[in-house]
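Everything below concerns the one structure shown next.
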Amino acid sequence: MIDFATQLTHLLGPQFSKEGLDPNLAEVRRSARPDLGDFQCNGALAGAKQKGENPRALADRILEALRGETMLRETSVAGPGFINLALSETALAEQANRLASDPQSGLTPVPRPLRVLVDFAGPNVAKPMHVGHLRATVIGDSLQRIGRALGHHVTSDAHFGDWGLQIGLLIISLEDEQPDLPYFKPDYNESMWLETPPVTMEDLDRMYPAASARMKEDEAYKERARKATAELQKGRPGYLALHKHFWKVSQVALEREFTALNIHFDLWKGESDVNYLIQDLVKQCKEKGVAVPDQGALVIQVARPEDKKEVPPLLLVSSEGSAMYGTTDLATIVEREREVRPELYLYVVDQRQSLHFTQVFRAAEKAGVSEESRLEHIGFGTMNGTDGKPFKTRSGGVIKLHDLITSCTERAMLKMQEGGYGQELSDQDRQTTARLVGTAALKFADLSNYRLTDYVFDLDRFTSFEGKTGPYLQFQGVRIKALLRKASEQGLSEAPIQVLLPEEKALVLTLDGFNAAVHLAFEKRAPHFVAEHVYGLAQAFSTFYVASPKILDEKDEAVRGSRLRLARAVLTQLELGLGLLGIQIPERM
RNA sequence: GCGCUGGUAGCUCAAUGGAUAGAGCGUCGGCCUCCGGAGCCGAAGGUUGGAGGUUCGAAUCCUCUCCGGCGCGCCA
């Protein structure tokens with residue numbers, strides 16, 4: 001099915017062509033002045049400009065040609081040349097029924113699907129996920145869901161950070177703690193492998209910050225770590241074995257978080273997975289003359305004459321002989337080109353890394369690995385505390401994602417208890433629901449902000465059941481489910497939708513806007529457009545719900561059936577829309 | 001210093017170059033013999049940081065400027 005805005009644009013397009021104008025000028029959108037019409041087209045203004053004539057006259061001619069169009073009830077030209085279009089009752093009712101019977105709720109796939117690779121979350125092996133990972137994870141997940149909903153062929157990759165200096169640091173840190181482990185013996189081989197990991201997640205969690213801090217002050221310590229990193233990358237068996245242990249231990253903790261957030265990846269690849277490609281990559285870059293020696297390292301110059309800022313070269317091989325994260329990023333593109341062949345790459349990573357991605361993308365182009373135009377960095381702002389500074393614990397430490405999820409879940413449970421809701425649920429169901437509500441609070445708060453702006457974390461506000469929050473939206477869904485459940489229990493059936501009340505019309509027009517909102521969200525790589533739409537839908541439903549009291553008691557079977565069907569259509573879209581944000585609606589809450 | 005990014009209602013945030021800049025929270029005033037009122041309706045609240053410019057039309061684009069956040073070769 002096709003939404004109204006598109007239908008109307010198609011209707012006006014030929015008229016613009018007939019006038020010798022670009023049919024793209026015919027673009028129709030929801031009216032900013034509902035008192036004047038349902039939709040508007042502003043193309044006559046720009047078109048008249050091009051032709052050097054009066055915009056109102058042009059608008060009049062365009063409308064003249066539309067006379068007798070059954071879709072339209074009324075048309076008018078207002079102001080300097082705005083074209084106002086009001087839909088006929090039949091058109092509204094027909095569209096409402098199409099929406100209600102469409103399992104996709106009006107969502108249409110893109111005409112040309114792309115193979116899209118979404119690289120997001122970027123957790124680090126050996127480091128628990130913290131608040132900083134939340135946005136990358138939630139935004140990336142939403143983009144993969146939106147992309148799929150639009151018919152794109154999406155491949156998501158968590159892209160673990162598991163090959164850099166951090167691993168070297170852990171290796172020497174462990175060496176200092178347990179020097180007798182076989183992995184440190186120069187002659188280590190696989191027969192000496194111990195099934196029991198030498199460390200727990202807690203150990204890693206403790207060791208890494210300490211080692212990282214020491215490195216900043218102790219130059220010799222840093223040198224050791226760099227050497228260990230280079231040796232690991234060269235394939236020292238004992239170090240590879242430790243890497244494997246670290247990886248496995250970390251993965252358990254990481255999966256716990258992703259499961260709690262209901263986020264899934266097609267690929268769980270990491271930097272270490274492309275190590276096998278690096279030697280060749282470096283060699284080829286050298287042969288092509290793309291990589292040049294510089295201060296003991298090997299770099300790819302990516303500066304351009306037109307640059308307004310200084311763009312430093314990408315470090316391909318450090319003076320220690322190790323791969324840097326730009327190197328693995330590049331090698332990862334090589335692998336993806338072979339295995340996925342993406343037409344579009346989306347890197348959902350903190351905005352602060354934009355310079356890094358500029359370097360990587362340019363280097364990829366220069367090295368002939370990929371095309372810069374297919375590579376996009378999707379940056380985002382930071383999550384701040386109520387003081388406006390990056391979110392920290394009271395003692396100034398980094399907040400772990402796990403603790404964040406837990407506190408949201410606990411707060412959700414508290415709110416449910418306070419309101420006396422969910423009492424009919426079993427303890428286990430209540431716990432599951434609380435988690436659904438808690439993560440909805442977290443996700444919606446994040447996704448309702450435009451990604452590039454920083455936002456303030458406010459647990460109390462996010463978990464509130466009133467206002468523009470995830471739990472509020474779930475609650476609206478739960479209310480509709482309750483209504484439909486009751487209708488079904490009473491044996492009441494649905495009927496074709498009739499658009500009688502102004503609130504019903506507003507609701508139908510809102511439903512019809514879903515498709516555009518989702519497309520816009522993907523085009524802008526900005527899920528908040530979906531969040532905005534879904535919230536607007538919930539509001540429009542509430543207004544309708546109050547305006548049509550006691551649907552179940554309605555004596556007119558046709559009216560009752562119509563409203564039930566409309567409610568169901570809203571629920572369908574609410575579930576789909578929230579689903580695109582990674583939010584589920586519980587049965588009860 | 002150079003660059004990126006943000007600055008919109010008291011607070012937190014929206015607004016694909018279009019008409020009268022919208023929500024939530026908070027404040028004030030209404031609506032409960034209610035299908036889940038955690039809702040709905042209304043009011044107050046804005047020189048869109050500032051100054052120029054482009055345009056029929058600017059929160060949006062350009063220039064300058066002020067304030068905040070961030071980045072700028074061997075960490076990721």
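Per chain, numbering begins at 1; letters A, B, ... match sequence-line order. Heavy atoms only: backbone and side chains are in, while hydrogens, waters and symmetry mates are out. Predicted model only: the values in this text are computed from it and were never measured.
Tested against A:E554, the residues A:L492, A:L564, A:V559 include a single side chain to side chain contact (heavy atoms under 4.5 Å, CB included) partner, A:V559.
For A:R451 (side chain) and A:F380 (main-chain N/O), no donor-acceptor pair under 3.5 Å exists by modelled atom type.
Using bins of under 30°, 30° to 60° and over 60° for the plane-to-plane angle, the ring pair A:F361/A:Y347 lands in the tilted bin. Between A:F39 and A:F4, the ring planes are perpendicular. Angles over 60° get that label, and only those under 30° would be called parallel.
When heavy atoms are screened at a 4.0 angstrom cut-off, A:L314 is found touching no nucleic acid atom at all. Contacts of A:A78 with the nucleic acid, taken as non-hydrogen atoms under 4.0 Å apart, include base atoms. Heavy atoms of A:D35 sit under 4.0 angstrom from at least one base atom. At the heavy-atom level, A:L45 lies under 4.0 Å from base atoms of the strands shown.
One interatomic measurement links the two molecules: CZ of A:F357 to C1' of B:rG71, which rounds to 14 Å at whole-angstrom precision. Taking atom CD on A:Q359 and atom P on B:rG3, their separation rounds to 17 Å, with Å as the unit. A:N42 has its CG atom 5 Å from the C1' atom of B:rG18, to the nearest Å. Atom-to-atom, OH of A:Y535 to P of B:rC25 comes out at 6 Å; the value is rounded to the nearest Å.
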Protein proximity profile, nucleotides 11-17 of chain B - base contact B, sugar-phosphate-only contact S, no contact -, cut-off 4.0 Å on heavy atoms: -SSSSB-
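Of all nucleotides present, none satisfies the Watson-Crick or G-U wobble test against B:rG57 with each distance under 3.5 Å. Nucleotide B:rU12 forms a Watson-Crick or G-U wobble pair with B:rA23, both donor-acceptor distances falling under 3.5 Å.
Nearest nucleotide to the A:V546 side chain, out of B:rC40, B:rG36, B:rA19: B:rC40. Side-chain atoms of A:K308 lie closest to B:rC4 of the nucleotides B:rG73, B:rC4, B:rG18. When each of B:rG36, B:rG39, B:rC72 is scored by its nearest atom to the side-chain atoms of A:Y472, the top-ranked nucleotide is B:rG39. Comparing atom distances between the A:I551 side chain and each of B:rC35, B:rU5, B:rG18 picks out B:rC35 as nearest.
Taking the O4'-C1'-N9-C4 or O4'-C1'-N1-C2 dihedral as appropriate, B:rC62 has a value more than 90° from 0 and is therefore anti.
The side chain of A:Q539 contributes an N or O atom lying less than 4.0 Å from OP1 or OP2 of B:rG24. Put simply, A:T543 has a side-chain N or O that comes within less than 4.0 Å of OP1 or OP2 on B:rC41. Distances shown here put every side-chain N or O of A:S354 at or beyond 4.0 Å from the OP1 or OP2 atom of B:rC4.
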Provide a list of protein-nucleic acid N or O atom pairs under 3.5 angstrom, restricted to nucleotides 74-76 of chain B.
{"from": "B:rC74", "atom 1": "O2'", "to": "A:R226", "atom 2": "NH2", "distance (Å)": "3.2"}
{"from": "B:rC74", "atom 1": "O2", "to": "A:S319", "atom 2": "N", "distance (Å)": "2.8"}
{"from": "B:rC74", "atom 1": "O2", "to": "A:S319", "atom 2": "OG", "distance (Å)": "3.4"}
{"from": "B:rC74", "atom 1": "N4", "to": "A:Q295", "atom 2": "O", "distance (Å)": "2.8"}
{"from": "B:rC75", "atom 1": "OP1", "to": "A:K222", "atom 2": "NZ", "distance (Å)": "3.1"}
{"from": "B:rA76", "atom 1": "OP1", "to": "A:L165", "atom 2": "N", "distance (Å)": "3.1"}
{"from": "B:rA76", "atom 1": "O3'", "to": "A:E271", "atom 2": "OE2", "distance (Å)": "3.0"}
{"from": "B:rA76", "atom 1": "N7", "to": "A:Y325", "atom 2": "OH", "distance (Å)": "3.4"}
{"from": "B:rA76", "atom 1": "N6", "to": "A:Y325", "atom 2": "OH", "distance (Å)": "2.8"}
{"from": "B:rA76", "atom 1": "N1", "to": "A:Y325", "atom 2": "OH", "distance (Å)": "3.3"}

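Taking the P atoms as reference points, B:rG52 lies 38 Å from B:rG42, given to the whole Å. Separation of the C1' atoms belonging to B:rC2 and B:rU20 is 43 Å when rounded to the nearest angstrom.
In this structure the side chain of A:V131 never reaches within 4.5 angstrom of the side chain of A:F457, judged on heavy atoms.
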Salt bridge (Lys or Arg N to Asp or Glu O under 4.0 Å) evaluation trace for A:K524 with A:E532: CA-CA 14 Å; A:K524 304 280 178 193; A:E532 286 288 325; over 6 Å; no
A:F465 vs A:Q474, side-chain contact (heavy atoms from CB on, under 4.5 Å): CA-CA, chis, key distance, verdict: CA-CA 9 Å; A:F465 280 43; A:Q474 289 175 310; over 6 Å; no
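Residue order along RNA chain B, read from the 5' end via each residue's closest nucleotide, puts A:Y545 first among A:Q476 and A:Y545.
For A:F82 and B:rG18, the ring-to-base geometry does not satisfy the stacking test (centroid distance below 5.5 Å, interplanar angle below 30°).
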